[in-house]
Amino acid sequence: VSKVVTLLIFTSPAELGLATPLVMIAAIARAARSGILIKGGLYLELLAKADAVVFDKTGTLTANKPEVVQVQSFDPTLNEDDLLRLAAAADRRSAHPLAKAVFEGATRRSIQVPEPQTFEQLQARGVKATVDGKIVLVGNPALLLEAGVTIDQPVAESGRTPVHVAVDGKLVGVIFIADTLRQGARAAIASLKESGVKRVVMLTGDNAATANAIAGELGVDDVKADLMPEGKVAAISELQKQGLKVAMVGDGVNDAPALASADVGIAMGGGGAQAALEAADIALMTDDLSKIVAARSIARRSYRTIQENLWVGVGVVHVLGITAALLGWIGPIQAAFIHLGPDVLVFLNSVKLLRVKIAGT
């Protein structure tokens, strides 16, 4: 009877119930201290296991502060300022970073920008507006082609984003916009690769030339350009079909579907859209890419801590205790005292996540 009671004490699964929740609570608290909000312990495990990280370009890898660097007019009746005035008037109600850059470019040139008579935002295309009685289209080539506008002028992109402008069904010019890389982007990507990430992919709605120019500076493995929001979702699905666990990093409304479809979605919270924050599993409270490295470091450390709890706190101690009970070395009273050991070990090993040094935090 004594041996049976001793065995029952050592086969109690109490530590199993403590091994994971304690670690998750400590890890989520540690992440919150670093400005990283994690919506559940499941996402810590998924982030720790992620072997592919997908980044949206605009606002994530770039600083989201694009500026007009050149205005090219194809219409002899419109000089650069006239072209910029029409485009800025069409774009002034848009919240898109490129539209804001066009409006700010006109403002810097002290151009008086009128209010459009009508305005329509076309997702992942651009805008359509009526300015001074003229139908003005401002956006990417797809917008113009869908409206029946012929693009018959060569556009030298050179790593810049060309914003096409059409007036009354005719291409009248291109406004070139350049964005700067977000500080620390290259270092963050290098750190992710060092942590075991096999593939780093950049997704963007921009053209291939612009995307490749930025990708070359960052050191990403793959680039997918000219994407609609559903194209980003398809790109993530393709990686998942290859057996990769995918983490997606984005900040805009167009990124929300991709964030939701990834194994774990990470939203840039500083300037991110509300839809992206809601769709994501992890939110960074500042637009600092090093926080992604910190989040992964916390996730990997917590996953390792759970394994330590299970193998050392539960496995080793219980095996030794059961062995000792079967050999008759200890009785129920000794077993009750010894059984406290794994509980204390699991607790101490878990809460150390609040204090232990973790890269990036």
Side-chain angles (χ1 to χ4, degrees), residues 43 46-64 97 124 140 157 159 161 179-268 272-273 275-276 279-284 287-297 299-300 360:
Y43 308 116
L46 291 172
L47 182 59
K49 292 181 177 179
D51 44 17
V53 179
V54 176
F55 288 91
D56 171 59
K57 180 183 79 69
T58 306
T60 304
L61 291 175
T62 59
N64 207 13
N140 57 26
E157 296 164 355
T161 301
D179 198 356
T180 55
L181 293 180
R182 188 175 291 282
Q183 186 175 5
R186 186 178 181 87
I189 289 172
S191 297
L192 286 172
K193 288 184 176 181
E194 288 174 9
S195 75
V197 174
K198 298 174 184 175
R199 295 273 299 280
V200 177
V201 182
M202 186 179 82
L203 308 181
T204 178
D206 287 347
N207 60 76
T210 302
N212 286 324
I214 291 174
E217 296 182 57
L218 291 169
V220 301
D221 300 311
D222 193 12
V223 180
K224 296 186 184 297
D226 297 308
L227 293 179
M228 297 285 284
E230 56 268 27
K232 295 180 181 180
V233 174
I236 288 172
S237 297
E238 183 182 334
L239 289 169
Q240 290 171 329
K241 287 176 183 176
Q242 296 171 17
L244 298 171
K245 297 290 184 184
V246 181
M248 164 74 187
V249 186
D251 76 317
V253 174
N254 289 347
D255 300 328
L259 288 168
S261 67
D263 292 289
V264 56
I266 304 171
M268 305 285 282
D281 308 306
I282 298 172
L284 310 182
D287 290 340
D288 181 357
L289 288 174
S290 68
K291 297 294 184 187
I292 298 171
V293 180
R296 181 166 165 86
S297 297
R300 296 184 76 206

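- Nearest approach of Ala124 to Pro229, heavy atoms of both residues: CB-CD, 3.8 Å.
- Between Val201 and Val53, the closest side-chain pair of non-hydrogen atoms is not below 4.5 Å.
- How far CG of Leu218 is from CE of Met202: 7.0 Å, rounded to the nearest 0.5 Å.
- Using a 4.5 Å heavy-atom cutoff, the side chains of Leu181 and Ile214 are in contact.
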For this session: Could you walk me through whether Phe55 and Thr204 pass the side-chain contact (heavy atoms from CB on, under 4.5 Å) test, one step at a time?
Result: CA-CA 9 Å; Phe55 288 91; Thr204 178; over 6 Å; no
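- Results of the side-chain contact (heavy atoms from CB on, under 4.5 Å) test with Met268 over Asp56, Asp288, Asp287, Asp255 single out Asp287 as the only residue that passes.
- Looking at Arg296, its side chain does come within 3.5 Å of a backbone N or O of Leu47 through a donor-acceptor pair.
- Gln183 CD: 12 or fewer foreign heavy atoms inside a 6.0 Å radius.
- Atom NZ of Lys57 is separated from atom OG1 of Thr62 by 4.5 Å, given to the nearest 0.5 angstrom.
- Checked for salt-bridge contact, Asp51 and Lys49 miss the test: no charged N lies under 4.0 Å from a carboxylate O.
- Panel note: side chain Asp222, backbone Val200; no donor-acceptor pair is recorded below 3.5 Å.
- Contact annotation: the side chain of Leu284 approaches that of Ile266 to within less than 4.5 Å [non-hydrogen atoms, C-beta and beyond].
- Taking 4.5 Å as the limit, some side-chain heavy atom of Arg300 sits within range of a side-chain heavy atom of Ser195.
- Partners of Gln242 by side-chain contact (heavy atoms from CB on, under 4.5 Å), not counting sequence neighbours, listed by chain and number: Arg199, Glu238, Leu239, Leu244.
- Two residues are said to be in side-chain contact when any heavy atoms from C-beta on lie closer than 4.5 Å; Asp206 and Thr58 meet this criterion.
- Gln240 places no side-chain N or O within donor-acceptor distance of the main-chain N or O of Ala235, the cut-off being under 3.5 Å.
- Between Ala211 and Val223, the shortest heavy-atom distance links the atoms CB-CG1, 3.5 Å.
- The side-chain heavy atoms of Ile236 and Met248, taken from C-beta on, include a pair separated by under 4.5 Å.
- Within the structure, every pair that satisfies the side-chain hydrogen bond (donor to acceptor under 3.5 Å, both in side chains) test and touches residues 184-194, not counting sequence neighbours, is listed here: Lys193-Asp221.
- Listed here is the closest heavy atom pair of Val293 and Ala188: CG2-O, 3.7 Å.
- A distance-only check finds a donor-acceptor pair linking the side chain of Arg182 to the backbone of Thr60 [under 3.5 Å].
- Rounded to the nearest 0.5 angstrom, Leu289 CG and Ile189 CD1 are separated by 7.5 Å.
- Checked against salt bridge (charged side-chain N to carboxylate O under 4.0 Å, His left out), Asp179 has no partners two or more places apart in sequence or in another chain.
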- Task: Assess whether side-chain contact (heavy atoms from CB on, under 4.5 Å) is satisfied between Lys245 and Val264, documenting all intermediate values.
- Result: CA-CA 8 Å; Lys245 297 290 184 184; Val264 56; over 6 Å; no
